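Since we're looking at a predicted model, the values are computed, not measured. In the text below, chain A, chain B and the rest are named by the order of the sequence lines, each starting its count at 1. Excluded from the calculations below are hydrogen atoms, water molecules and symmetry mates; all remaining heavy atoms, backbone and side chain alike, are included.
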Amino acid sequence: MDATTHAANPAKARNLDTVLLRKRLKSGLAHGAVLVLVLIMLLPLVYMVMMSFKTSTEIAQNPLGLPESLYWGNYMRALSEMGYVRSVLNSLAITVSVILIVVLAGAMAAYPLARMKSRISRIIVMIMALGLATPNFVTITPIYVIFRDLGLLDSYLGIVLAFAALKMPLAVFFYTGFIAAIPLELEEAAKLDNCSNWQIFWHVIRPLLGPVTATLSLFVMIMVWNDFIYPLLLLTDKDKLTVMIAVYKFVGNTGIDPTRLFPAAVLGSLPLLLMFAFFQRKIMAGSTAGAVK
Amino acid sequence: MAGLELSNVIKRYGATQVIHGVDLQIDDGDFCVFVGPSGCGKSTLLRMIAGLEETTGGRMAIGDRDVTHVDPAQRGVSMVFQTYALYPHMTVRENMSFGLKIGRMAKPEITRKVDEAARILKLDRYMDRKPKALSGGQRQRVAIGRAIVRQPDVFLFDEPLSNLDAELRVEMRVEIARLHKQLGATMVYVTHDQVEAMTMADKIVVLRDGRIEQAGKPTDLYHDPDNLFVAGFIGSPRMNFFEGRVVSHSDGHAFVEVPRLASQPVAVPVATRCPPGQAITLGLRPEHFDPQGPVAVSLGVDVLEDLGGVCYAYSSDQGQDTPVIVELRGQNRPIVDGMLQIGFDPDHALIFDTETGGRIR
């Protein structure tokens, strides 16, 4: 009896070791896979930064190697030639304006849609969802024609309105789900506190939308900042160009000059990366809000 | 402050009627409690009084004002919700003063009212905290404070204690009762907890399927219920019911045969003449069993709940679904699976028409 017990215990311990080893191996493999994916995703970024510090000779001799030294001359030239400050300010003004409109109008549109249980509201939400899935090439021509007829081509108002309209379905989609999860009792309490519908939205609902607004703002910011098609379509005045179009200036018809293009690309992405790093915590909170009680 | 009057109040959702012509008078300063099983319409009726649900038909008046179709904020009511419904982004002070700010009251007046409510509810120390930094009881006090500052004609409470633990519930129950005494306001309170109803109410309204079964003082409903439903609903543990049949009627007594309870017909005092053979249900509260009672009863005991001062014996003999509950005080406790020799006084028994459920008085 004793012998059996003693024999069983080491076997049990061995089994436990095997299970633990398997668990660690699985975890190690998963981490390794994630690391590889992250490296693959970072590769173009690293390549862009590396190239931006190389002289033209270095690029010609060793296009994949590390730069021998950090050559800032490329940046100086790109800064002066691309009208960096002006284009960043343009992008910033357009992006911020679009975010403000989308956030405010999106939340206002989503509030009744989230609360009304009628068939019409469901149909509107469905149409909005369709707007999310509409590809760019479908909207380019109508937008160009409408904006040309309205005299909104080559104007800040035009590009802001175009982006705001295009991003509105995303905002409504975001806010509808979030507002639907806000307890109805809060609104009823506000009604008893003498609030009109507008006051309920402004004083009770809007302040609770912070986390989802941060997440939505980030998405809109990335999409608008990086968008290339609509600024190219609607803007021609070089003083109104966005930073992405300014970067594109270094892509020639017959070839590219990497010593100009790569530093310009780094400079173009820099404000976005900084903003992302700054808002990251709020954004993560927003993207998981409502996941647990 | 003012009373509340409901006349033939109806609520329909499409073709479904949920409140069927409710008539009710609540006097100024009364504490009225709506009780009833889930889905009986008590919360709907409260929300109709608040104006959060549209009234389909009938009339609703607060004091002399017809408020049937008046906006919630103009009715002169304040409501305390089950889930507190505090604005999470506002501090306690902001929560309490929000309604007054929206009503454009002068700042010094708001401060005075909020401070006064905070003092009454002992919230002074928490005024700058947000709701998430408060306990359940404190949150409920803030919700009550928010109602107080508006100085409404009628306070409405929708199961305000159901989210609290047992100890806090008792504490808050006492606090609300004290508050009612202090403010002298008309209060309407919805609960499914009949202990709350019995201990707090001046008037209890028992609802079933959107109709008032009986309304009156708690002790009246307890001792003199109008029907089987009220008799069974009010009282904890519930009243015992025994199926029986009228044998005869003489000298203001109905002689009823109740096989599960007694071998001989029991003489229950009732003024109404009952025809022999009528099916009745005899009701007897657990505390009305008495070893000295003139009618002897013998019951097999299945379960004992000994709470120290009082003990409840449950008897499910003869395969009955609902056990007979006997309250025992001071006597020697019976043993489980043993026999309990007890008695009762038929003067305490109530009889109901089994068919209609109505009380036979």
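Heavy atoms of A:E188 lying under 4.5 Å from chain B belong to its backbone as well as its side chain. Neither the backbone nor the side chain of B:Q82 has a heavy atom closer than 4.5 Å to any heavy atom of chain A. There is no contact between B:L100 and chain A, counting heavy-atom distances below 4.5 Å. When heavy atoms are compared at a cutoff of 4.5 Å, B:Y87 approaches chain A by way of both its backbone and its side chain. If you measure heavy-atom distances from B:V80 to chain A, you find no contacts under 4.5 Å at all.
Within 6.0 Å of OH in A:Y84 there are more than 12 heavy atoms belonging to other residues, nucleotides or ligands. Heavy-atom contacts from other residues, nucleotides or ligands closer than 6.0 Å to CG of B:D64 number 12 or fewer. No more than 12 heavy atoms of other residues, nucleotides or ligands sit less than 6.0 Å from atom CZ of A:F219. More than 12 heavy atoms of other residues, nucleotides or ligands sit less than 6.0 Å from atom CD1 of A:I123. Heavy atoms of other residues, nucleotides or ligands lying less than 6.0 angstrom from CD of B:Q182 number more than 12.
Minimum interatomic distance between A:H203 and B:M90 (heavy atoms only, all atoms of both residues): O-CE, 3.9 Å. Looking at every heavy atom in both residues, A:P207 comes nearest to B:H89 through CB-CD2, 3.3 Å. When all heavy atoms of B:P72 and A:L192 are compared, the pair lying nearest together is CB-CD2, 3.8 Å. The two atoms that bring A:L208 and B:P88 nearest to each other are CD2-CG, 3.4 Å, heavy atoms only.
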Evaluation steps, side-chain contact (heavy atoms from CB on, under 4.5 Å), between B:I102 and A:N194: CA-CA 7 Å; B:I102 292 290; A:N194 212 2; 4.0 Å; yes
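The closest donor-acceptor contact from the side chain of B:R146 to the backbone of A:A189 lies at 3.5 Å or more, if one exists at all.
Put simply, CG on A:D193 and OG on B:S78 are 7.5 Å apart, with the number rounded to the nearest 0.5 Å. Expressed to the nearest 0.5 Å, how far CD of A:E185 lies from CG of B:L52 amounts to 10.0 Å.
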